[in-house]
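Heads up: numbering here begins at 1 and tracks the sequence.
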Amino acid sequence: MRPPSLTLSLAPAGLLASVASAFIGPVAHAQTTQGTLEPVEVRAARSTDAQAAETLEQARQDLARRAGATAVVDAASFTDRRAATAVDALSFAPGVLAQTRHGQDARLSIRGSGIQRGFLMRGIWLYQDGIPLNHTDGSADFQSVDPLATQYVEVWRGANALEYGANGLGGAVNFVSPTGLTAPTAALRVQGGSFGQRQAHANLAARSSVVDGFLSVSRSEQDGWRQQSGYRANRVSGNVGVLLSDSLELRGFVSYVDSSMQMPGSLTRAAFDADPRQAAPNNVALKATNDFTQTRGALRLTWQPNADVRWTTSLYGADRDRFHAMTMGILQQGMRDSGLDSRLTAEFGTATLTRRLVAGVSFARLSGDEWRYTNVAGSAGAPTGRTQLKARQNTAYAEYTHGLTERWAVQAGVQAVQARRDLGNLMAPAASYDARFSGTSPKLGVLYTPSAQSQWFANVSGSYEAPPFGELVYSPTQPLARAQGATTVELGWRGRTDHWNWDVALYRSRVRRELLSLTDATGAALGTVNAGRTIHQGLELAANGKLAAHWALRAQYLYNNFRFDNDPVYGKRRLAGIPPHLLRAELQWQPTPAIAVVPGVEWQPSRTWVDHANTVAAKGFAVLNLTLKGDLGAGWSWFVDARNLTNRRYAATTAVQANARGMDGAYYFPGDARAVYVGLNWRTR
């Protein structure tokens, strides 16, 4: 039985459908790829496994419509081993550089985004179910992400994230949650391993013909290999969907995160060589931590009158509190983010000639308070600062795809951004500021589909990135940083056959006013300023598939060539912090479903510069891993995940400096020693 119609809701919907039909002409259902809201009879009859597979395939088809670099990562590719951090989830995502600093803290970068950040993240917009996880000013926390409460991950590299209105150099990453339609009725997972790692996770799901719901609960903790590197995270998330009619769905999302993370700090090379397990001395004495709680809620209304028109509107709010004990003091924050996003997607034309319009607006607001104190053995001492923060970010965007022939299509898009960063310094009013930014980023691309198995794409696109509060620092001798912009040229090839998937992209970005911590010609530190022109260029390569019966290969390779462009101080030196080469590869042998043997390697064959002046570098390394896993039947599966088998001593990543003058310093984050993790999964069938 269908639910009663809602006259007040559906009358405007019918009017909008008439207007849309008049504007775009008759719809062509045969060429639809974006999916539909299913009638309740169909919804009730389909199994959750079938629905999950169709949802994943639909996401792949949708992203394949982009004349740019995109990818979909199935959660099954990372939940069959240790899956405790964002790095675990994104290690093999095409074009993504994911490196662990310690515990759950990571460096996440796409095409050199946020290259200097030693804390939080900038230049990539994180989403959950299409709703922003970032603060309004663009910064983001890794603790917000629970890999085990994810069905799949969508990745847009560079300016290809226009469809969500994302405007950073790196693009966007969207973690899509299971629902009551796609998740098993119950699932359990327990995991334990080296350095006191313990993790437990449970999913529950239910559905009827009209209502469905999903709940995820997890706890993850680890004592840490290094001194002062333990973490603990409790996460609860869920969503409930109500099918108001065959064309209207309302879905609500809630989540709560309580995370505590110790900070061991970076080591000098001498300390690293003597004992990489030690923490920086002051980090221990001052009990450095980054404790974080987040409560988040969202409502998403989807109206889809037919297979070719979809209008999605989301409202969200998040409350975040942080206690961050550092060696230079204690930072306490109370941040409140809220926003609205509304996006229309319409397909029209013929079954063979694509016509697609995506248009949307988003409005985001942040208000927050910061308190700073001296650090007295991890407790707040005398107050040293008090600020009030307000941020706004308004974005309007549109993109039109026009099929020239059955094989050729062009895409044209534009994005306009208005941003505001308002900091009121209550203890030093002269250091207050109210900075405003506005910019427009165009895009023009072409998509060639020679066959159902492969696509070629090329585009030229702009990006525009207003700086977050962490890189807008008042200085009496330097102006406030301006927005960072870039123009990117990209060429790529992707495809799927019955046995192989591949993704190749070449890009070159000319970055204007890149946000970097630099020195002047005398060596004096300038803090975060806008650099002159820089160039980010490289190759992104990913492939996976079957080699022969029982044999499969998965690999990701990144070539990163990031340089200054005739800078008066740094010339054409390489930008620091990102390795020039990174290869991750796994070879799987699976003679039966009960067991698979998966040796793997993470290889950085060349050194990574620590400073932009290119005077100090971290050595390259190769880490060997081995995963054993299998399906026991009746919903049970198991894994043993062994990492760094040779117990290699290496720096997983480094802090970024302007000019180290060839001298040793606390720049190195040691990678974990040999570790073994064991897990057991169960789910209803």
Side-chain angles (χ1 to χ4, degrees), residues 12-28 31-37 58-59 61-68 70 125 127 129-132 154 156 158-168 171-172 174 247-249 299-316 339-349 353-364 392-403 409-419 438-447 459-464:
L15 177 61
L16 286 169
S18 299
V19 173
S21 179
F23 174 69
I24 65 178
V27 294
Q31 65 107 46
T32 295
T33 61
Q34 66 180 27
T36 62
L37 295 177
Q58 192 66 61
Q61 292 182 22
D62 287 347
L63 266 67
R65 304 290 297 276
R66 313 292 303 174
T70 62
W125 280 85
Y127 294 84
D129 303 299
I131 301 166
E154 300 172 328
W156 290 266
N160 298 302
L162 183 145
E163 185 162 340
Y164 274 122
N167 47 45
N174 183 32
S247 62
L248 197 63
E249 182 193 60
L299 285 174
R300 185 179 70 197
L301 183 67
T302 301
W303 171 62
Q304 189 160 354
N306 56 59
D308 299 307
V309 176
R310 178 184 289 250
W311 188 8
T312 303
T313 299
S314 302
L315 287 168
Y316 66 91
L340 177 147
D341 178 89
S342 188
R343 180 171 63 256
L344 173 69
T345 302
E347 308 223 21
F348 48 99
L353 294 180
T354 299
R355 305 287 190 270
R356 186 171 191 257
L357 175 68
V358 178
V361 293
S362 63
F363 307 95
R392 294 184 179 181
Q393 187 128 327
N394 303 326
T395 305
Y397 52 94
E399 183 178 72
Y400 174 63
T401 304
H402 187 90
V410 294
Q411 282 182 349
V414 66
Q415 178 190 71
V417 178
Q418 289 184 333
S438 62
T440 302
S441 303
K443 177 181 178 180
L444 181 63
V446 60
L447 184 65
N459 68 72
V460 56
S461 55
S463 61
Y464 183 86

Query raised in the report: Measuring from D341:CG to I131:CD1, what's the distance to the nearest 0.5 Å?
Result: 8.5 Å
Query - Between OG1 on residue T440 and CD on residue Q415, distance to nearest 0.5 Å - result: 9.0 Å
Query raised in the report: Should R355 and E347 count as side-chain neighbours, where that means a heavy-atom distance under 4.5 Å?
Result: no
**Report entry** Q411 side-chain N/O to R65 backbone N/O, donor-acceptor pair under 3.5 Å
**Finding:** yes
Report task. Please test S438 against Q418 for side chain to side chain donor-acceptor pair (under 3.5 Å), starting from the C-alpha separation and ending with a verdict. Result -> CA-CA 4 Å; S438 62; Q418 289 184 333; 5.8 Å; no
Requested in this report: Check for a donor-acceptor pair, side chain of R300 on one end and backbone N or O of D129 on the other, with a separation under 3.5 Å.
Outcome: yes
Report task. Mind listing the closest non-hydrogen atom pair of P305 and S247 along with its distance? Result -> CA-CB, 3.9 Å
Query raised in the report: Is any side-chain heavy atom of T313 less than 4.5 Å from a side-chain heavy atom of L299?
Result: no
Query - Heavy-atom neighbours of R343 CZ exceed 12 at 6.0 Å - result: yes
Requested in this report: May I ask you to test the F363-R392 pair for a side-chain heavy-atom distance under 4.5 Å?
Outcome: no
Report task. Measure across V361 and A396 and return the closest heavy-atom pair with its distance rounded to 0.1 Å. Result -> CG1-CB, 4.1 Å
**Report entry** Nearest-0.5 Å distance, OG1 of residue T354 to CZ of residue F348
**Finding:** 10.5 Å
Report task. With sequence neighbours excluded, tell me which residues meet salt bridge (Lys or Arg N to Asp or Glu O under 4.0 Å) with E399. Result -> R66, K443
Requested in this report: Spell out, as yes or no, whether a donor-acceptor pair under 3.5 Å connects the side chain of E154 to the backbone of T70.
Outcome: no
Query raised in the report: CG/D308 to OG1/T345 distance, rounded to the nearest 0.5 angstrom?
Result: 11.0 Å
Query raised in the report: Relative to each other, are the rings of W303 and W311 parallel, tilted or perpendicular (30° and 60° limits)?
Result: perpendicular
Query - Contact summary for S463 and S441, nearest pair of heavy atoms - result: C-OG, 3.6 Å
Query raised in the report: How many angstroms lie between atom OG1 of T401 and atom CG of L353, to the nearest 0.5 angstrom?
Result: 13.0 Å
